[in-house]
Chemist: 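Provided herewith is a single structure, encoded as structure tokens, for subsequent inquiry.
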Amino acid sequence: MSAIETYVDELRAALPPLPLRRRRIVAEIRDHLLEVAADEREIGATPAIAEQRAVERIGPPRPLAAEFAALEARRGIRTANRAAPATIAVWLTVLLTNVLSWQFIPEWQAMHLSRLIWRWQGAPDTLQKLWAPSWGAAGLLLACVAYGERSRLRSAACLLTAIGLGGFVAAQARWWWSPTSFIAYESLLAIGLAGALILSASRTRREPVSRWSALVTLVALLPLTLATLIQLLGGVASVPLNLRSAPLTVGLWLIVPLTVTAFAGATRAVVATWSR
Amino acid sequence: MKGEALRGHLELLLLAALAKGPAHGYALIERLETCSGGVLELTEGSVYPALHRLEQQGFVTSSWTTAEGRRRRTYRVSRRGQGELRTRQASWRALVSTVDLVLRPA
């Protein structure tokens, strides 16, 4: 095996097991080594010596992998640190408004979460049909945010989310809009959520991340994640279909992606720090 | 000048080099060496984590491009990065002039 391939294999083995990230780093470093080797050959080195020099110039693979692992840990913990307080804040707001809504809002038929998800089947016009794929796009966007990649995929996800949610809001404005229409309210909240996630992902701050702080963050997020899962899987089914359940329904649409983002970030940090 | 002496300034140097135009990692290293008249000798391995860090901070963006049949990760300065570069340039100049004042012979 050539010196470059040996180096690349060692680097791959030393990097945190985050497949997409690892693939990018390995491809980038291999390209660098091949280019350096080509330059060395141009000035008269034999292929074997050229590869050896390229490998020597970039330095040993393990410290390089450790630097990348530290970066991944920082990225993951930052995501978790931003998403988790937001999740908790939404939970508290939901609890408060849920109580208030039962106190002050008269019973009134409204859409249920599960019916919104299946809106695609019964949507009366094209704009409303945008609702279902928009959530797919929003999911893609969240995956990109959790992954931390600033890629074209992320731009495409932002665009799709904006088109989908924008279309749905336009449809709601035409068919449903009224000050008490919580579906339109929910759409605006969803757009706000997507915007907040994009903004939060673009903000950065340096922090040294230890393996224990990453693990503590993940463990601290477990009850929150469990609570969200229980509420999502079991709670919604028992919620009556009226406006009084709006805070819970709206809250869940915010809580679920926030929880997933926080949990994904913490998991990423744990993987990056414990694989060093 | 070896990599150790550049500790803490590598990101500024990379931002400044990228401000001259998009480039991939190796081209950036060459650009820095050329601009410095061969004085800067970067540890090549340190450049890539620094670029990823700048990207994480939103100061640079990157994408895959194909040149001479090979895929390369090409970096470019973002608008935020341009602002950051101006800020870091200003603080660097302030530092240099302050240190100059201290070092000036009595």
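Here is how names work: the chains are called A, B, and so on, in the same order as the sequence lines, proteins then strands, and each is numbered from 1.
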Chemist: Supply the atom-to-atom distance A:His32 NE2 to B:Arg72 CZ, rounded to the nearest 0.5 angstrom.
Modeler: 11.5 Å
Chemist: Donor-acceptor pairs are to be reported for all side-chain atoms of residues 94-106 of chain B against protein atoms at under 3.5 Å, with residues two or more places apart or in another chain.
Modeler:
| residue | atom | partner | partner atom | Å |
| --- | --- | --- | --- | --- |
| B:Ser97 | OG | B:Arg93 | O | 3.0 |
| B:Ser97 | OG | B:Ala94 | O | 3.0 |
| B:Thr98 | OG1 | B:Ala94 | O | 2.6 |

Chemist: Could you tell me whether the side chains of A:Asp31 and B:Tyr26 share a donor-acceptor contact shorter than 3.5 Å?
Modeler: no
Chemist: If I compare all heavy atoms of A:Leu64 with all of B:Gly45, which pair ends up nearest, and what's the gap?
Modeler: CD1-O, 3.0 Å
Chemist: Taking A:Leu71's backbone N and O only, do any of them form a donor-acceptor pair with B:Gln56's side chain (distance below 3.5 Å, no angle check)?
Modeler: yes
Chemist: So if I take each residue of residues 44-60 of chain A and look for any heavy atom under 4.5 Å from a heavy atom in chain B, which residues do I end up with?
Modeler: A:Arg57, A:Ile58
Chemist: Are side-chain heavy atoms of A:Arg24 and B:Trp64 found at a separation under 4.5 Å?
Modeler: yes
Chemist: Against chain B, label A:Leu34 side chain, backbone, both or neither, depending on which of its atoms sit under 4.5 Å from a heavy atom there.
Modeler: both
Chemist: Just by distance, with hydrogens left out, do B:His52 and A:Glu28 show a side-chain donor and acceptor under 3.5 Å apart?
Modeler: yes
Chemist: Crowded around A:Arg62 CZ? As in, over 12 foreign heavy atoms under 6.0 Å?
Modeler: no
